[in-house]
Amino acid sequence: MAEQISVSHISNYAGREATIKGWVYNRTDKGKLVFLLVRDGSGFLQCVAFKGDLPPDVFEKVMRLPQESSVIITGPVREDKRAPGIPGGYELGVREIEILQEAGLDYPMSLKDHGPDFALDHRHLWIRKKSQWAILKVRVKVMSAVREYLDGQGFFNLDTPILTPAAAEGTTTLFETPYFDEGFAYLAQTGQLYNEANIFSFGKVYCFGPTFRAEKSKTRRHLTEFWMLEPDPAFCDLEGLMEVEEGLITHIVQSVLRDCEAELKHLGREVSKLKAVTAPFPRMTYDEAAKYLIELGKGETDPERKELLKFEWGMDFGAPHEVELTKLNDKPLFIYGYPSAVKAFYMEPWPGRPEVCKSVDLLAPEGYGEICGGSERVSDHEALLNRIRKEGLPEESFKWYLDLRKYGSVPHSGFGMGVERVVTWLCGIEHIREAIPFPRTIKRVYP
RNA sequence: UCCUGGCUAGCUCAAUCGGCAGAGCGCGCGGCUGUUAACCGCUAGGUUCGAGGUUCAAGUCCUCGGCCAGGAGCCA
């Protein structure tokens with residue numbers, strides 16, 4: 001009996017019999033010869049049926065097998081440069097085929113491109129498509145690389161609650177849900193405050209889960225539900241934080257390059273640009289970036305562009321500003337020392353410059369922009385209390401958070417990384433909605 | 001919330017100045033022993049987003065409405 005194998009391991013079986021279980025992705029019939037491109041989740045494999053090798057009724061069925069039919073195929077594995085697929089270069093002769101189900105002929109997803117509305121309405125089927133499968137494979141690798149790296153660096157993965165009592169940062173819109181006799185609970189937009197509590201029990205911690213933002217953002221960089229990684233190490237200043245970030249990002253990129261070569265190739269990703277992503281990453285202060293942008297704006301002649309690039313010290317970067325800054329380097333770029341006024345209340349002020357805080361954003365190159373945002377946290381109890389009062393935040397809600405500064409406070413830092421933004425960048429794709437299996441956007445909760 | 005663009009066959013799109021509603025893909029039928037989103041031939045497939053208006057004539061122009069997109073703001 002032939003061994004059942006994964007398509008991804010096909011190269012180990014050349015010259016032997018093997019069985020694969022999967023779905024017909026495409027069929028090309030040539031009269032007395034039929035090619036079935038079969039996917040099994042691990043890859044795509046060409047299976048070849050010759051008329052002379054099969055009983056007439058079986059061959060007739062294979063020749064008419066609809067796209068997406070589920071099959072179990074057994075036959076000889078052959079090395080053949082002509083064979084397409086992922087990894088490709090190998091094919092399976094059809095000696096025996098069991099058809100579990102002939103798919104309906106009205107399968108709506110074409111192998112050609114669809115418009116976004118149609119594709120998203122059929123996301124449950126769209127994910128079967130090779131391009132989407134490749135992107136989501138990269139996502140899987142990013143997720144596992146994250147855990148692999150942080151676990152290896154002595155971080156502990158402590159989960160933080162998704163149902164939370166109130167706004168962590170006050171400003172951003174939250175999803176609200178009724179909560180028994182307590183009134184309302186809110187879907188977490190960050191696990192950071194809880195991470196900070198976990199720090200004092202575990203030292204270096206991270207949370208990794210879905211995050212919710214009810215902002216009415218309608219761009220190719222936004223989802224209302226996205227996955228965020230938030231590492232928070234104790235005894236770590238801003239410089240130490242940047243080192244954690246560049247170590248993590250480098251490990252993610254190298255892991256994807258190593259294990260997702262075929263997927264990136266299929267997506268047409270220029271791999272050489274990712275190979276350049278190694279620590280250390282360039283660093284730039286907000287002051288330097290502001291100066292650069294102001295100069296750039298002065299030199300701009302197109303009035304529309306000039307308006308978009310308009311900038312003065314104290315502003316937060318808009319998308320067009322970010323894009324310009326990402327063009328400066330081939331590697332991700334750290335920008336640190338933002339004005340306190342545009343950042344959150346818990347960020348440590350810069351020594352001797354209270355108008356600036358110890359915050360850092362990491363911008364992915366090639367125009368992709370912000371993938372991480374973080375800071376050193378205020379560790380002094382009085383200073384934090386003052387910040388909370390100044391922001392007009394409800395002191396009572398932050399009692400437990402303030403406690404953390406009373407019992408063994410230490411310098412600590414943390415950042416958040418948007419998983420889908422990283423995947424979008426690594427895959428070189430246009431839109432973040434393809435970087436998550438079932439995207440949630442302002443206009444879409446189906447399917 | 002604002003700005004811009006779009007809506008025509010199952011899908012992706014064309015239709016000149018307002019003048020007969022088209023193609024490719026997919027489905028169906030036929031052909032082909034090396035296809036790579038195969039190719040070749042044939043068939044079927046239309047409430048042009050909705051309502052109203054202008055006109056001899058509207059997919060095309062005007063008004064209102066709906067839906068989608070991506071950009072601004074905000075952010076990861």
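In what follows, chains carry the letters A, B, and so on, assigned in the order in which the sequence lines appear, proteins first and then strands, with residues in each chain numbered from 1. Just so it is clear, the structure is predicted and the values come from calculations on it, not from any experiment.
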Per the ring-ring contact (aromatic ring centres under 6.0 Å, His included) rule, what does the pair list look like for residues 38-61 of chain A, sequence neighbours excluded? A/Y25-A/F44, A/F44-A/W133
Pairs where residues 307-317 of chain A contributes a residue and the test side chain to side chain donor-acceptor pair (under 3.5 Å) is met, not counting sequence neighbours: A/D287-A/W313
Does A/E348 pair with A/R377 as a salt bridge, N-O distance under 4.0 Å? no
Show me the pairs that pass ring-ring contact (aromatic ring centres under 6.0 Å, His included) and involve residues 428-447 of chain A, at least two apart or across chains. none
Non-hydrogen side-chain atoms of A/L229 and A/L248 separated by less than 4.5 Å: yes
Pairs under 3.5 angstrom, nitrogen or oxygen only, protein versus nucleotides 30-32 of chain B, please.
from: B/rG30; atom 1: OP2; to: A/R64; atom 2: NH2; distance (Å): 3.2
from: B/rC32; atom 1: N4; to: A/D29; atom 2: O; distance (Å): 3.4
from: B/rC32; atom 1: N4; to: A/D29; atom 2: OD1; distance (Å): 2.7
from: B/rC32; atom 1: N4; to: A/G31; atom 2: N; distance (Å): 3.4

Give, ordered by number, those residues of residues 361-377 of chain A having at least one heavy-atom distance below 4.0 Å to an atom of RNA chain B; if nothing qualifies, reply none. A/E370, A/I371, A/C372, A/G373
Sort me out a list of protein N/O and nucleotides 66-71 of chain B N/O pairs below 3.5 Å, or just none if empty.
from: B/rA69; atom 1: N7; to: A/K218; atom 2: NZ; distance (Å): 3.2
from: B/rG70; atom 1: OP1; to: A/H431; atom 2: NE2; distance (Å): 2.8
from: B/rG70; atom 1: OP1; to: A/R433; atom 2: NH1; distance (Å): 2.8
from: B/rG70; atom 1: OP1; to: A/R433; atom 2: NH2; distance (Å): 3.1
from: B/rG70; atom 1: O3'; to: A/R220; atom 2: NH2; distance (Å): 3.2
from: B/rG70; atom 1: N7; to: A/K218; atom 2: NZ; distance (Å): 3.4
from: B/rG71; atom 1: OP1; to: A/R220; atom 2: NE; distance (Å): 2.7
from: B/rG71; atom 1: OP1; to: A/R220; atom 2: NH2; distance (Å): 2.4
from: B/rG71; atom 1: OP2; to: A/R220; atom 2: N; distance (Å): 3.3
from: B/rG71; atom 1: OP2; to: A/R220; atom 2: NE; distance (Å): 2.6
from: B/rG71; atom 1: N7; to: A/K218; atom 2: O; distance (Å): 3.3

Kindly state each residue pair satisfying salt bridge (Lys or Arg N to Asp or Glu O under 4.0 Å) with at least one member in residues 221-231 of chain A, sequence neighbours excluded. none
For A/H122, which residues count as a ring-ring contact (aromatic ring centres under 6.0 Å, His included) partner, sequence neighbours excluded? A/F118
Does anything in residues 110-120 of chain A pair up under side chain to side chain donor-acceptor pair (under 3.5 Å), and if so which pairs, sequence neighbours excluded? A/D117-A/R444
Salt bridge check, A/K130 against A/E263: does any charged N sit closer than 4.0 Å to a carboxylate O? no
Pick the C1' atom in B/rA23 and in B/rU8, then give their distance to the nearest Å. 13 Å
With ring-ring contact (aromatic ring centres under 6.0 Å, His included) as the test, would you mind laying out the steps for A/F155 and A/F208 before giving the verdict? CA-CA 12 Å; A/F155 281 77; A/F208 195 10; over 10 Å; no
If you pin A/R78 and A/E420 to their nearest nucleotides in RNA chain B, which one's is more 5'? A/R78
Which parts of nucleotides 21-26 of chain B does protein reach within less than 4.0 Å, heavy atoms only, written one letter per nucleotide 5' to 3' as B for base, S for sugar-phosphate only and - for none? ---SS-
Donor-acceptor pair present, A/H114 side chain and B/rC11 base, under 3.5 Å: no
For RNA chain B, list all stems, counting runs of three or more consecutive pairs where every pair is Watson-Crick or G-U wobble with both distances under 3.5 Å. B:1-7 with B:66-72, B:10-13 with B:22-25, B:28-31 with B:39-42, B:49-53 with B:61-65
Touch check for A/F226, heavy atoms < 4.0 angstrom, all strands: base, sugar-phosphate only, or nothing? base
Can you tell whether the side chains of A/R82 and A/D80 come within less than 4.0 Å, N to carboxylate O? yes
Without decimals, in angstroms, what is the distance between A/E307 CD and B/rG73 C1'? 13 Å
ring-ring contact (aromatic ring centres under 6.0 Å, His included) partners of A/F317, counting only residues at least two apart: A/Y286, A/F311, A/Y338
Under 4.0 Å, heavy atoms only, any strand: does A/L37 hit a base, just the sugar-phosphate, or nothing? nothing
For a quick check, tell me whether the side chain of A/S217 and the base of B/rC75 share a donor-acceptor pair closer than 3.5 Å. no
